[in-house]
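Everything on this sheet refers to the single structure shown next.
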Amino acid sequence: MKDVPDYYAVLGVGREATRQEISHAYRVLMRSHHPDMGGGRKDVHERPPGNPVTDGAPAQRDELLGIMQAFYVLSDPGRRADYDRRLAAGAPTVVPVRKVRSPGRGPGPVIRITPVRWESGPWA
């Protein structure tokens, strides 16, 4: 019974990956899949501003949520250890993802991505 998603495969890292490797893989995937960064589409600059992209939106959104869920679980040592135990046992893992609606936007949920708090920089 394989109910537990393989978050290591989603991020493209091995099971022995460090937090830095997981963080780097997450950032690379977010740059290539995030809707504001093009979402993997070639025609980003050809469409008029404010025009929502509807082609493949549910599939892109599900893939983006999968990447965010994988990072949420694997970035924290406690959640990662729990996930590894559940992965070995085959039990399902439930990961909360908050969807935020913004007034003035088109239909559908907007994904809010916040900065990683353990990073150092001028914003810390």
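For Q60 and H33, the side-chain atoms include no donor-acceptor pair closer than 3.5 Å.
Using a distance-only test at 3.5 Å, with no hydrogens or angles considered, no donor-acceptor pair links the side chain of H24 to the main chain of Q20. Counting only distance, with no hydrogens or angles, the side chain of E21 and the backbone of T18 share a donor-acceptor pair below 3.5 Å.
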Report task. Evaluate side-chain contact (heavy atoms from CB on, under 4.5 Å) for Y8 paired with D84, printing each intermediate quantity in order. Result -> CA-CA 10 Å; Y8 294 104; D84 288 337; 2.7 Å; yes
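Between Y26 and F71, the angle of the ring planes stays under 30°, which puts this pair in the parallel group of the 30/60° scheme.
Remark: D76 pairs with R79 by the side chain to side chain contact (heavy atoms under 4.5 Å, CB included) rule, at least two apart or across chains.
Residues P5 and L87 come closest through the heavy atom pair O-CD1, 4.4 Å. For the residue pair R19 and S75, the shortest heavy atom distance occurs at NE-O, 3.4 Å. Scanning all heavy atoms of the two residues, the minimum distance from L29 to L11 falls at CD1-CA, 3.6 Å. Between V10 and G66, the closest heavy-atom pair is CG1-O, 3.7 Å.
By the 4.5 Å heavy-atom criterion applied to side chains, L74 and Q69 are not counted as neighbours.
Note that CE of M68 and CE of M30 are 6.0 Å apart. Values are rounded to the nearest 0.5 Å.
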